[in-house]
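Residue numbers begin at 1 in each chain, while the letters A, B, ... track the order of the sequences.
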Amino acid sequence: MQISYTIVDSALDRLLVAATTRGISMVSLGDSDSYLEAELARDYPSVELIRDGSMPPEWVDTLVNYLGGQSSNLDLPLDVRATDFQRQVWQALQAIPYGSTSTYGEVARALGYEKTAARAVGHACATNPVSLVIPCHRAVRNDGSLGGYRWGLDRKRALLARERSRSLLFV
DNA sequence: GCCAGAACTCTGG
DNA sequence: CCAGAGTTCTGGC
C-alpha cells in the first residue's frame, strides 16, 4: 500500500496532506516539514510514503483556500482507519457549523450517550488524523475553556478566531 | 495477554 | 473537591 503526501505553505504554518487513491488519510499542521513527515511515518509505519506523489490537486487547493478564508466548507473523500465510535464522533463534529463551537458533552449527548461519554469523545477527537476536515478544534469544554488540541492550543485558538471573524462575511 | 491508568470531559454528591 | 461514567491506547507485569 502506498500513500502520497505533499507539504505546502498555508495561512497557518506548514500544511501536510496525505492521501491514498481513495481519499485523504491525514491532514496536519506543523512548524517544520521534518516534524510533519515524522508524524506521518509514525502513524503509517508499514506504508510506502511518496513525497509529492500523484494526488488530485483540488484536494490540496480546497484545504489551502479553507485556511486562507476563501471557502467555508470542506467536502473531501476520506480514507481513514477508525473504529465505529470514532466515526460517529467525527460525523457529529462535522455537523458543527463554521464559526461556532460545541462541547464534548453535547457531542456525547447527540450520539445518545447521555453525556457520560464526554471523556471518550475527547479521546476520539484526540486521535483524529484529519484536522480541518474533521473540525475537532470546534469542540471545547463545557466551562468555556478550550480544553486541549492535538496540534497545539495556540493553533486551536487561532483557527477558532479566524473562523469566527470570517463567519460574519459568509452570512 | 491482562490489568491499571491516562487521554482535548462532565455531573452529582 | 472527589469519584465515576464510555472508549481506546500504552506500559508494566
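- Remark: C:dG6 base-pairs with no nucleotide; criterion is Watson-Crick or G-U wobble with both hydrogen-bond distances under 3.5 Å.
- As judged by a 4.0 angstrom heavy-atom cut-off over every strand, A:Thr103 is placed among residues touching the sugar-phosphate backbone only.
- Taking 4.5 Å as the limit, every side-chain heavy atom of A:His137 sits out of range of all side-chain heavy atoms of A:Arg157.
- The CZ-P distance, from A:Arg119 to B:dT9, rounds to 8 Å in whole Å.
- Distance A:Arg150 CZ to B:dA6 C1': 16 Å, rounded to the nearest Å.
- Nucleotides of DNA chain C with any atom under 4.0 Å from a heavy atom of chain A span, from 5' to 3', C:dA5 to C:dT8.
- DNA chain C lies under 4.0 Å from at least one heavy atom of each of the following residues of residues 80-91 of chain A: A:Thr83, A:Phe85.
- Take the nearest nucleotide of DNA chain C for A:Thr127 and for A:Ala117: the residue whose nucleotide is more 5' is A:Ala117.
- Comment: A:Arg51 engages A:Asp33 in a salt bridge, judged by a side-chain N to carboxylate O separation of less than 4.0 angstrom.
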Give me, pair by pair, the N or O atoms of the protein and of nucleotides 11-13 of chain B that are less than 3.5 Å apart, along with how far apart they are.
unit_1: B:dT11; atom_1: OP2; unit_2: A:Asn142; atom_2: ND2; d: 3.0

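- Side-chain atoms of A:Tyr66 and A:Glu163 form a donor-acceptor pair, as typed in the model, at a separation below 3.5 Å.
- Residues A:Thr6 and A:Asp52 have side chains that bring a donor and an acceptor to within less than 3.5 angstrom of each other.
- Contact check on A:Glu106 versus A:Lys115 returns no salt bridge, with no Lys/Arg side-chain nitrogen under 4.0 Å from an Asp/Glu carboxylate oxygen.
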Worksheet item: Going through the checks in order, is the side-chain hydrogen bond (donor to acceptor under 3.5 Å, both in side chains) test met by A:Asp79 and A:Ser25?
Response: CA-CA 5 Å; A:Asp79 184 11; A:Ser25 39; 6.0 Å; no

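- Salt bridge A:Asp31/A:Arg14: absent, no basic N to carboxylate O contact under 4.0 Å.
- In the hydrophobic cluster analysis, where Ile, Leu, Val, Met, Phe, Trp and Tyr join through side-chain heavy atoms closer than 4.5 angstrom, A:Leu153 is grouped together with A:Val140.
- Using a 4.0 Å heavy-atom cutoff across all strands shown, A:Ala118 reaches at least one base atom of the nucleic acid.
- Two rings, from A:Tyr113 and A:Phe85, have their centers less than 6.0 Å apart.
- Around atom CG of A:Asp143, more than 12 heavy atoms belonging to other residues, nucleotides or ligands sit under 6.0 Å away.
- Donor-acceptor pairing under 3.5 Å is recorded for the side chains of A:Thr127 and A:Gln86.
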